[in-house]
Amino acid sequence: MKLARDSGFKATRMAELCGMSTRHLRRCCLIRFGRSTQDWLDEQRIVAARWLLREQRSVKSVSYALGFKQVSHFSRSFKFYHGLTPTEYLALMDRQWDVATAA
């Protein structure tokens with residue numbers, strides 16, 4: 001995950017950081033994760049979004065921090081992976097927090 005973040009979630013940069021060609025890195029990802037390097041990086045970026053949303057509480061700042069140029073693209077990607085928009089996710093976290101603190 002750290003390597004994914006350090007690469008800016010870009011396959012070419014990750015290959016440079018690993019000291020290998022993008023083609024070799026793709027083969028390694030296909031063997032290890034069963035998907036392309038960029039697909040794996042995209043998933044890691046969305047996983048990181050959950051943690052950042054909990055910390056920053058701002059959909060816009062998280063989307064830009066993760067390198068999305070459009071908040072709408074971030075929202076669509078987040079919903080594709082999690083089944084909720086980032087705003088819905090934050091509302092769910094708030095409800096769970098309220099229930100936990102009320103007990």
Side-chain angles (χ1 to χ4, degrees):
M1 178 55 118
K2 182 179 178 338
L3 187 58
R5 272 183 266 162
D6 290 347
S7 70
F9 302 100
K10 306 278 189 237
T12 53
R13 179 68 181 132
M14 188 168 167
E16 289 172 8
L17 292 173
C18 292
M20 61 178 70
S21 70
T22 53
R23 190 170 168 91
H24 183 68
L25 180 61
R26 180 180 170 85
R27 281 191 300 269
C28 291
C29 283
L30 285 171
I31 291 167
R32 173 80 184 210
F33 305 117
R35 65 188 79 156
S36 73
T37 308
Q38 194 59 57
D39 287 346
W40 180 79
L41 286 169
D42 290 344
E43 181 181 9
Q44 296 308 303
R45 184 162 65 160
I46 295 301
V47 168
R50 285 192 326 219
W51 299 104
L52 287 173
L53 282 168
R54 289 179 189 163
E55 291 174 5
Q56 296 182 10
R57 313 279 313 156
S58 167
V59 175
K60 186 176 182 177
S61 65
V62 169
S63 69
Y64 291 134
L66 292 173
F68 286 92
K69 291 180 176 41
Q70 301 274 328
V71 176
S72 59
H73 181 225
F74 168 65
S75 293
R76 278 192 307 277
S77 297
F78 191 92
K79 186 171 184 173
F80 176 79
Y81 279 98
H82 297 298
L84 301 166
T85 66
T87 304
E88 291 168 340
Y89 177 77
L90 285 172
L92 178 64
M93 291 297 104
D94 289 343
R95 283 193 304 275
Q96 289 177 348
W97 174 257
D98 290 342
V99 169
T101 56

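In this text the structure is predicted, and so the values were computed from the model without any measurement. In what follows, every heavy atom counts, from backbone to side chain, and hydrogens, waters and symmetry copies are set aside.
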(request) Can you measure from NZ (Lys79) to CD1 (Ile46) and round to the nearest 0.5 angstrom? (result) 13.5 Å
(request) Would you please name every residue forming a salt bridge (charged side-chain N to carboxylate O under 4.0 Å, His left out) with Arg57, sequence neighbours left out? (result) Asp94
(request) For residues Pro86 and Phe78, report the shortest heavy-atom separation together with the two atoms involved. (result) N-CD2, 3.7 Å
(request) To the nearest 0.5 angstrom, please state how far the CG atom of Leu53 sits from the CZ atom of Phe74. (result) 5.0 Å
(message) So, taking the atom named CD in Gln56 and the one named CG in Leu90, what distance separates them when rounded to the nearest 0.5 Å?
(response) 11.0 Å
(message) With clusters defined by side-chain heavy atoms of hydrophobic residues (ILVMFWY) lying less than 4.5 Å apart, directly or transitively, does Tyr64 cluster with Val59?
(response) yes
(request) Using a 4.5 Å cut-off on heavy atoms from C-beta on, say whether the side chain of Leu41 contacts that of Ser7. (result) yes
(request) With rounding to the nearest 0.5 Å, note down the distance linking NZ in Lys60 to CD in Gln70. (result) 11.0 Å
(message) Quick check for you: to the nearest 0.5 Å, what is the distance between Thr22 atom OG1 and Glu16 atom CD?
(response) 9.5 Å
(request) Heavy atoms only: give me the nearest Met1-Gln44 pair and the separation to one decimal. (result) CE-O, 3.3 Å
(request) Report yes or no: do Leu52 and Val47 belong to one cluster of Ile/Leu/Val/Met/Phe/Trp/Tyr joined by side chain heavy-atom distances under 4.5 Å? (result) no
(message) Are Leu84 and Trp51 connected into the same hydrophobic cluster when the rule is that any two of I, L, V, M, F, W, Y join if their side-chain heavy atoms are below 4.5 Å apart?
(response) no
(message) Please report the interatomic distance SG(Cys28) to CH2(Trp40), rounded to the nearest 0.5 Å.
(response) 12.0 Å
(message) Could you see if Tyr81 belongs to whatever hydrophobic cluster contains Val62? Use Ile, Leu, Val, Met, Phe, Trp, Tyr and a side-chain cutoff under 4.5 Å.
(response) yes
(message) Between Leu66 and Met93, is there shared hydrophobic-cluster membership here, with clusters defined by ILVMFWY side-chain heavy atoms closer than 4.5 Å?
(response) yes
(message) With heavy-atom distances below 4.5 Å as the criterion, would you say the side chains of Ser77 and Asp42 are in contact?
(response) no
(message) A cation-pi test, strictly: NZ or CZ of Arg45 under 6.0 Å from the centre of the six-membered ring of Phe68 and no more than 45 degrees from its axis. Yes or no?
(response) yes
(request) For Leu25 and Ala11, work out which heavy atoms get closest and say how close. (result) CD2-O, 3.9 Å
(request) Answer whether the closest heavy-atom distance between the side chains of Arg95 and Leu92 falls below 4.5 Å. (result) yes
(request) Taking Gln38 for its side chain and Phe9 for its backbone only, find out whether a donor-acceptor pair lies under 3.5 Å. (result) yes
(message) Between Phe80 and Arg76, is there a side-chain heavy-atom distance shorter than 4.5 Å?
(response) no
